[in-house]
Amino acid sequence: MPLSTQSQADNDQYILIASLDNARNLSNILKAISFREHAIFNATQNGLKVTVEDSKCLQANAFIQAEIFQEYIIKEDAVGFQVNLTVLLDCLTIFGGSTVPGVCTALRMCYSGYGYPLTLFLEEGGVVTVCRIKTQEPEEPIDFDFCSTNVTNKVILQSESLKEAFSELDMTSEVLQITMSPSHPYFRLSTFGNSGNAHYDYPKDSDMMELFQCTKIQTNRYKMSLLKPSTKALALSCKVSVRTDSRGFLSLQYLVRNDDGQICFVEYYCCPDEEVEEE
Amino acid sequence: MKCVIEGNGVKVFGKAVHALSRIGNEIWLDPQEKGLAVRTVNSSQSAYACFCFTPLFFQQYIPDPDIQNGCEAVKCMLNMKCVLPLFRCASWKERRVDRCEISVNIPNSRVIFQFHCRHGITKTYNLGYQECEALQAVFPAHLCPNVLMAQSKLLGDIVVHFPVSQEEVTLSISSFKVTLKTFCEEENNCIKGMNTELMLHPDEFDYFQVGEDSAVTFCLKELRGLLSFAEPYGLPVNCQFGVAGQPVSFTVKDMTLEAHVVLSTLTDPNHESPSQPAPGDDCPVNVTNTSTAEITTCESPMETEVCVADGEHVASSQGSEVFNPDLHMRKMIQLHAPGEILPKLSLIPESALTTPVTPATSKIRSLLFGAVYSDGGKDKTADLPSLACASDTEDDGGTEE
């Protein structure tokens with residue numbers, strides 16, 4: 001493999017090296033959060049966390065654990081940088097992203113530290129491409145202060161059922177209203193569009209409902225434009241957990257299986273649009 | 001009004017909505033004792049469609065006012081764009097819908113469509129509606145001299161030969177054949193693009209009745225919806241028409257529903273005698289404004305409108321003028337001179353209702369390919385009507401679009 005024939009000297013200069021036999025295991029999950037141009041990378045011993053934010057109201061994080069990588073070397077406690085996500089994705093799929101089985105792009109991602117570009121070595125069928133992407137000063141991701149202790153309502157659904165609902169959502173509605181309650185309607189998605197209202201009700205005993213923990217009735221509205229990008233993550237996932245806390249902040253956590261069946265996570269945090277009277 | 005549709009019925013109802021959406025932009029719901037009528041009319045009011053679902057179609061059907069729940073037998077007009085997405089075909093393939101409930105909530109002016117789906121999921125849509133008078137076309141079927149009945153598959157096989165963009169076609173009938181061909185506004189323009197003409201022997205039809213030789217020109221696009229609806233269910237289609245200018249009606253009937261599409265046809269001021277055989281290039285149909293100057297409501301070239309029941313005006317949402325039914329009834333009656341009201345029945349013996357029409361016996365011949373038209377057992381041999389005189393004199397007679 002050409003990528004592994006780099007000299008030891010080269011490797012010494014890098015503070016982060018992450019290699020994948022199949023670059024799609026990274027590119028697919030990054031596509032699920034690629035609604036803005038810039039992404040904040042934060043690498044630790046545990047793995048890679050990539051964050052994308054929108055207008056201080058929405059945050060998406062993708063987690064790729066160290067175990068997913070065939071090679072993962074980090075020489076500092078935490079390595080952070082910011083890159084243009086669109087460019088990164090274009091590089092990761094530079095060979096065209098063919099889905100022919102057995103043919104995939106191998107990746108070796110290297111970073112030398114502050115001020116250095118992110119270097120990608122990509123190989124497919126004996127052809128090697130080297131990409132150097134400029135990095136920027138990483139912004140501090142917003143801390144939504146969403147902690148498990150504050151969670152009032154939580155449900156875990158099989159993505160299948162939500163995918164259909166999200167694909168049918170009335171886009172003329174400015175908001176998506178989520179109602180969670182220990183009694184009817186249990187879990188409800190509502191839209192208020194030009195033609196009228198629409199409600200999608202998921203009962204707590206539905207076989208699509210894997211977990212139902214609702215302590216009190218909560219109704220919150222979120223801007224449709226903010227939540228629409230989460231559909232990409234939903235499409236990749238097999239399960240999704242929906243949680244709201246006492247402030248009405250929304251946390252969506254998606255369980256994604258990559259090409260090799262390994263598990264990665266994507267999460268979205270969203271601020272509520274307006275306060276709705278809670279009963 | 002409240003009704004419940006079970007499983008497969010939801011698919012049928014959805015297909016009916018799709019068929020209606022190909023004609024009009026609004027959908028009228030009219031709960032009656034005999035069933036739920038779902039209707040539409042196109043913006044130029046030259047095409048009308050109605051699907052009437054009998055109480056048998058529903059698991060539960062309550063047209064009457066249900067005062068306690070605020071439901072009344074009100075007539076509602078909904079925007080087609082709001083209703084159509086509710087019946088997206090994708091869902092039916094996966095059979096996710098167990099039940100659909102349709103009810104009308106007067107206090108909130110909402111029609112409620114509630115779908116009970118697999119896994120206990122419920123989808124509820126509250127759509128705003130406009131209260132209105134019933135939309136109804138009165139089509140005097142008994143005045144139609146010509147009646148054809150064919151399996152929807154046969155008609156589907158016929159229309160597939162016409163490009164989807166083809167607007168108007170001419171259906172001609174005489175005692176020995178039925179012809180369907182592309183309509184050309186001017187004789188010279190017939191060379192533009194591809195022209196298709198199909199001739200059918202009366203045997204092709206389950207029922208064939210020609211009372212008056214005629215050629216009617218109508219919009220094919222508006223009929224396709226009904227044909228796509230009828231074909232999967234293998235339902236026969238009944239076609240009734242008279243002379244040019246009179247509306248043509250297509251009907252599909254079943255135990256649980258009855259669907260009508262009524263289309264207006266072009267008048268043919270040059271066509272004096274209705275008994276000429278195979279009108280085509282011999283008597284070109286010219287679209288003029290002179291013969292039907294009284295009709296002021298029409299915006300399209302179609303010069304006869306569908307008759308609206310007396311006393312009920314169709315208010316087009318596009319704001320076009322309201323129908324004057326009396327005017328149209330007069331015109332309808334004018335087309336039938338006294339003594340001609342009784343159709344001249346000339347039933348071909350072979351075309352009894354019991355004649356089965358199977359794909360193997362289908363003998364559609366397309367003149368475009370110059371196939372020989374052979375007719376068994378008839379005295380008259382038809383002259384091969386020239387598709388377009390120009391095709392003999394010009395080189396590009398076979399230009400395709």
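Given the structure is predicted, the values throughout are model-derived calculations rather than measurements. Numbered from 1 within each chain, the chains take letters A, B, ... in sequence-line order.
Of the possible donor and acceptor atoms, one in the side chain of A/Ser206 sits under 3.5 Å from a partner among the backbone N and O of B/His119.
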(request) Evaluate the criterion side chain to side chain contact (heavy atoms under 4.5 Å, CB included) for residue pair A/His199 and B/Asn126; output intermediate values, then yes/no. (result) CA-CA 9 Å; A/His199 304 288; B/Asn126 299 304; 3.7 Å; yes

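For the atom pair CZ (A/Arg188) and OG1 (B/Thr122), the distance works out to 9.0 Å, reported to the nearest 0.5 Å.
Using a 4.5 Å cut-off on side-chain heavy atoms (C-beta onward), B/Lys123 and A/Asp201 make no contact. Residues A/Ser161 and B/Ile121 are in side-chain contact: their nearest non-hydrogen atoms beyond the backbone lie under 4.5 Å apart. B/Phe115 has its side chain out of reach of A/Tyr200: every pair of non-hydrogen atoms, C-beta onward, lies at least 4.5 Å apart.
Looking at A/Glu160, only its side chain comes within 4.5 Å of chain B, counting heavy atoms on both sides.
Dense packing is recorded around CD of A/Gln262, with more than 12 heavy atoms of other residues, nucleotides or ligands lying under 6.0 Å away. Surrounding NZ of A/Lys163 are more than 12 heavy atoms belonging to other residues, nucleotides or ligands, all under 6.0 Å away.
Scanning all heavy atoms of the two residues, the minimum distance from B/Gly120 to A/Pro203 falls at O-CD, 3.1 Å.
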